[in-house]
Amino acid sequence: MKPLGIDEDFDSAVLNIAIDTIRIGKQALIFVNTKKSAEKTAEEISKKLKSENEVLDSLSESALSSLSKPTKQCERLAYCLKKGIAFHHAGLVQKQKDIIEDNFRNGIIKIICCTPTLAYGVDLPAFRAIIKDLKRYTVHGLSWIPVLDYMQMSGRAGRPNYDNEGQSITIAISNSEKEKIEERYVNGAPEEIYSKLAVEPVLRTYVLSLIAANFITAKKDLFDFFDKTFYAHQFKDLRRLHSIISKVIDMLEEWEFIMVSGDGDFASANELKEQKFKATLIGKRVAELYIDPLTANFMITCLRNASDKKLDAFSFLQMASHTLEIRPMLKVGLREHDKIQESMLEFSDFILENEPSMYEPEYEEFLNSVKTAIMFNSWINEQDEQFLLEEYNIRPGELRAKIDIADWLLYSAEEISKIMHYQYLVKEIVKLRLRLKYGVKEELLPLVRLENIGRVRARILFRNRIRDIKDAKNADLSTLTQLLGEKIALGVKKQLGQEEPEVPENKRKGQISLRDWDG
DNA sequence: GGACGGTGAAACTTCAGGTTGCCTC
DNA sequence: GAAGTTTCACCGTCC
């Protein structure tokens with residue numbers, strides 16, 4: 001492809017390098033430290049370019065139609081793609097990420113402005129790796145990124161089999177900063193790697209799974225096991241490790257995930273020194289589900305409380321939103337504090353956990369979980385992605401990731417409810433998981449079970465009085481064609497066993513057979 | 001006089017990512 | 001700590 005039109009030199013170094021990269025017919029990755037900045041940088045470069053290119057136009061078009069209704073983010077990406085530029089971060093939907101990655105690999109896209117996503121996991125080399133921001137926001141304010149991160153990013157420069165060289169470029173605003181960067185990153189050594197084992201959430205999970213798998217039955221074995229880990233090797237502070245493990249064991253016992261001999265539960269208890277462990281039924285399941293035992297205990301408390309509460313989808317959404325696994329929760333901003341608190345009062349009757357009081361330090365986290373749950377609630381009440389982006393500042397890609405985790409947590413809650421014999425809860429949770437997956441109100445559930453019918457088409461059908469499988473069977477093909485288009489309509493009829501004598505075979509993943517469906 | 005619009009400075013906000021984990025027709 | 005966003009004061013214009 002020919003280089004695109006170029007104006008003159010600009011006062012932004014990144015812009016100049018980007019334009020130069022295109023001029024010499026090469027590609028570059030530009031690493032920045034926020035999603036917003038990735039989008040803005042891409043947009044600024046795009047503004048300087050002219051382009052009439054059908055291939056790019058079609059890429060732009062498919063980025064725009066990746067969701068049922070394009071968001072501002074989609075429009076921005078589409079604009080950049082028309083010029084052969086893209087931005088890439090976790091807020092994009094997988095389909096858009098694929099478009100960008102594939103077309104950067106084949107050389108159609110020239111520049112990607114990205115957050116550190118592309119430095120890890122994805123294999124996407126470029127002639128130039130431009131690292132715009134070497135500082136990143138942390139709890140201590142803005143600080144230098146780790147040398148390891150720098151190496152990851154600069155390591156993207158140079159494509160094996162294509163380039164003989166690669167260029168990794170960082171930008172300094174002064175001579176003194178230049179020297180600092182050189183010393184710290186170019187000539188510096190990467191950081192040591194430290195074990196994160198002795199952190200309670202990690203230990204909780206592993207101690208329980210070791211016991212649940214019958215891999216370890218005595219405290220002594222447990223200590224021996226962890227004494228051989230990298231953590232023990234690195235810190236040699238076995239007493240600290242043992243004390244955390246003992247604390248974890250006490251917690252697991254208190255939560256009834258394990259039984260400890262010597263507590264009167266075991267007839268054949270040895271001396272205290274030779275404590276023996278055994279996982280309970282629910283402890284085994286928790287280990288299998290691989291959720292943090294703390295989360296499991298929290299959910300059990302909530303599910304127990306459910307019998308005294310009014311139940312709503314929100315009840316379970318808030319429960320799932322207040323776990324370590326779902327983090328980061330949506331943050332309640334200063335300005336929306338009052339608004340969220342108001343909605344919380346509205347939902348208060350449905351909240352299963354024991355609410356902290358306003359004066360407790362946990363209250364802020366609790367409000368965040370409420371906001372997160374309200375966001376999920378909007379989704380299952382059919383608000384679109386643009387609304388969620390504006391209202392809750394959550395981007396489509398982040399939404400998908402959160403839905404995924406919430407589904408796993410709700411599945412776990414479902415399994416726990418089964419063990420606790422709360423059948424009435426199981427039913428509600430199953431329904432909620434489906435609503436969450438499709439982002440629909442309950443009334444659309446019969447329809448979204450059809451292949452190629454999602455939230456949008458189901459709503460169209462419903463509005464036109466086709467409200468379940470029976471209605472769909474009774475509707476004639478021309479009506480369906482009018483509403484859904486010919487191909488989809490035919491497909492629907494086929495699934496219903498009409499028009500085509502044979503039963504559909506290529507059912508969608510996770511979909512039940514319509515013959516089993518009677519609701 | 002007052003409504004309105006444009007402008008720029010000041011005040012205020014917000015800030016990466018993602019692995020695994022479970023189950024199923 | 002810096003970039004982006006919102007707020008607000010100020011000024012000019014027009015009716």
Side-chain angles (χ1 to χ4, degrees), chain A residues 12 14 31-41 43-44 87-92 94 97 113-122 131-146 148-150 152-153 173 177 196 201-202 204-206 208-209 212 284-293 295-296 299 320 323-328 330-337 390 393-395 397-398 400-402 404-416 418 426 429-430 433-434 437 449 451 495 503-517:
Chain A
S12 145
V14 169
F31 292 98
V32 298
N33 61 9
T34 65
K35 296 199 257 297
K36 234 175 218 164
S37 163
E39 293 181 18
K40 193 163 178 263
T41 311
E43 199 174 50
E44 262 165 18
F87 55 83
H88 190 291
H89 55 59
L92 297 181
Q94 193 55 47
K97 289 187 198 169
C113 302
C114 57
T115 53
T117 10
L118 283 190
Y120 297 88
V122 191
I131 303 158
K132 187 183 167 209
D133 299 315
L134 280 167
K135 287 183 175 173
R136 200 174 295 155
Y137 174 81
T138 65
V139 274
H140 318 292
L142 216 58
S143 43
W144 293 101
I145 62 168
L148 274 171
D149 284 12
Y150 165 80
Q152 268 300 339
M153 294 190 276
I173 50 162
E177 197 179 82
K196 288 181 182 153
V202 178
R204 281 196 294 255
T205 308
Y206 286 109
L208 180 60
S209 70
K284 270 200 180 117
R285 197 70 188 107
V286 168
E288 282 166 6
L289 293 165
Y290 216 82
I291 49 176
D292 183 345
T295 297
M299 294 207 289
T323 60
L324 287 178
E325 285 84 349
I326 204 91
R327 288 206 293 196
L330 300 187
K331 245 175 84 185
V332 177
L334 282 173
R335 283 190 200 123
E336 39 176 16
H337 204 270
E390 271 174 20
N393 192 26
I394 187 166
R395 294 171 164 85
E398 298 164 308
R400 294 295 146 84
K402 287 252 179 299
D404 230 39
I405 297 171
D407 182 63
W408 161 46
L409 288 165
L410 289 171
Y411 172 76
S412 301
E414 189 185 317
E415 292 300 296
I416 291 171
K418 280 182 194 162
V426 174
I429 298 173
V430 169
R433 285 182 63 207
L434 276 170
K437 182 175 171 191
R449 290 179 180 245
E451 194 174 343
Q495 290 175 72
V503 181
E505 277 185 334
N506 51 341
K507 283 178 294 177
R508 187 166 36 171
K509 212 177 162 216
Q511 197 162 36
I512 66 159
S513 162
L514 289 165
R515 284 169 300 172
D516 306 329
W517 172 247

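Note on naming: letters A, B, ... go to the chains in the order of the sequence lines (proteins, then strands), and numbering restarts at 1 for each one. All of these numbers come straight from a predicted model, not from anything done at the bench.
- Checking side-chain atoms of A:E451 against main-chain N and O of A:Q495 turns up no donor-acceptor pair under 3.5 Å.
- Considering only the side chain of A:L289, B:dC22 comes nearest among B:dC22, B:dA16, B:dG17.
- Ion pairing of A:R204 with A:D292 is present here, as a side-chain N (NZ or NE/NH1/NH2) and a carboxylate O approach within less than 4.0 Å.
- Taking the side chain to side chain donor-acceptor pair (under 3.5 Å) definition, one finds that A:T295 meets it with A:E325, sequence neighbours left out.
- At whole-Å resolution of the value, CD in A:E336 and P in B:dT13 are 11 Å apart.
- Residues A:R327 and A:L142 both approach DNA chain B. Their nearest nucleotides, taken by heavy-atom distance, put A:L142 toward the 5′ side.
- Remark: P of B:dT24 and CD of A:E451 are 21 Å apart, rounded to the nearest angstrom.
- Atom NE2 in A:H337 sits about 17 Å away from atom C1' in B:dC12, given to the nearest Å.
- Between A:K35 and the phosphate of B:dG17, there is a side-chain N or O to OP1/OP2 separation shorter than 4.0 Å.
- Between A:E415 and A:K418 there is a salt bridge, with a side-chain nitrogen of the basic residue lying less than 4.0 Å from a carboxylate oxygen of the acidic one.
- Between A:L324 atom CG and B:dT19 atom P the separation is 19 Å, expressed in whole Å.
- Look at CG on A:D149: it is 10 Å from C1' on B:dG17, rounded to the nearest Å.
- Base pairing of B:dG8 is made with C:dC8, judged by Watson-Crick or G-U wobble geometry with both donor-acceptor distances under 3.5 Å.
- Under the 3.5 Å distance criterion, the side-chain polar atoms of A:D133 are matched with a main-chain donor or acceptor of A:N33.
- Listed pair A:S412 / B:dC22 fails the phosphate criterion, with no side-chain N or O lying under 4.0 Å from OP1 or OP2.
- Distance CG (A:D133) to P (B:dG17): 13 Å, rounded to an integer number of Å.
- In this entry the distance linking NZ of A:K402 with P of B:dG17 reads 11 Å, nearest Å.
- Nucleic acid contact for A:K135: none, since no nucleic acid atom lies under 4.0 Å from a heavy atom of the residue.
- Taking atom P on both nucleotides, B:dA16 is separated from C:dT5 by 13 Å, rounded to a whole Å.
- The residue among A:G333 and A:E288 whose nearest nucleotide of DNA chain B lies closer to the 5′ end is A:G333.
- Shortest non-hydrogen contact noted between A:M299 and A:L409 is CE-O, 3.7 Å.
- The residue A:K331 sits apart from the nucleic acid: no heavy atom pair falls under 4.0 Å.
- With sequence neighbours excluded, the residues that form a side chain to side chain donor-acceptor pair (under 3.5 Å) with A:T115 are A:T117.
- The nearest whole Å value for the distance from the CD1 atom in A:I405 to the C1' atom in B:dG18 is 8 Å.
- Extent of DNA chain C lying under 4.0 Å from chain A heavy atoms, first and last nucleotide in 5' to 3' order, is C:dG1 to C:dT6.
- Here A:Y137 packs flat against the base of B:dC15; its ring centre is closer than 5.5 angstrom to the base's six-membered ring, tilted by less than 30 degrees.
- Ion pairing of A:K402 with A:E398 is absent here, as no side-chain N (NZ or NE/NH1/NH2) approaches a carboxylate O to less than 4.0 Å.
- Contact annotation for A:N393: backbone-only contact, meaning every heavy-atom pair under 4.0 Å involves sugar-phosphate atoms and none involves a base.
- Closest to the side chain of A:R285, out of B:dC22, B:dG17, B:dC15, is B:dC22.
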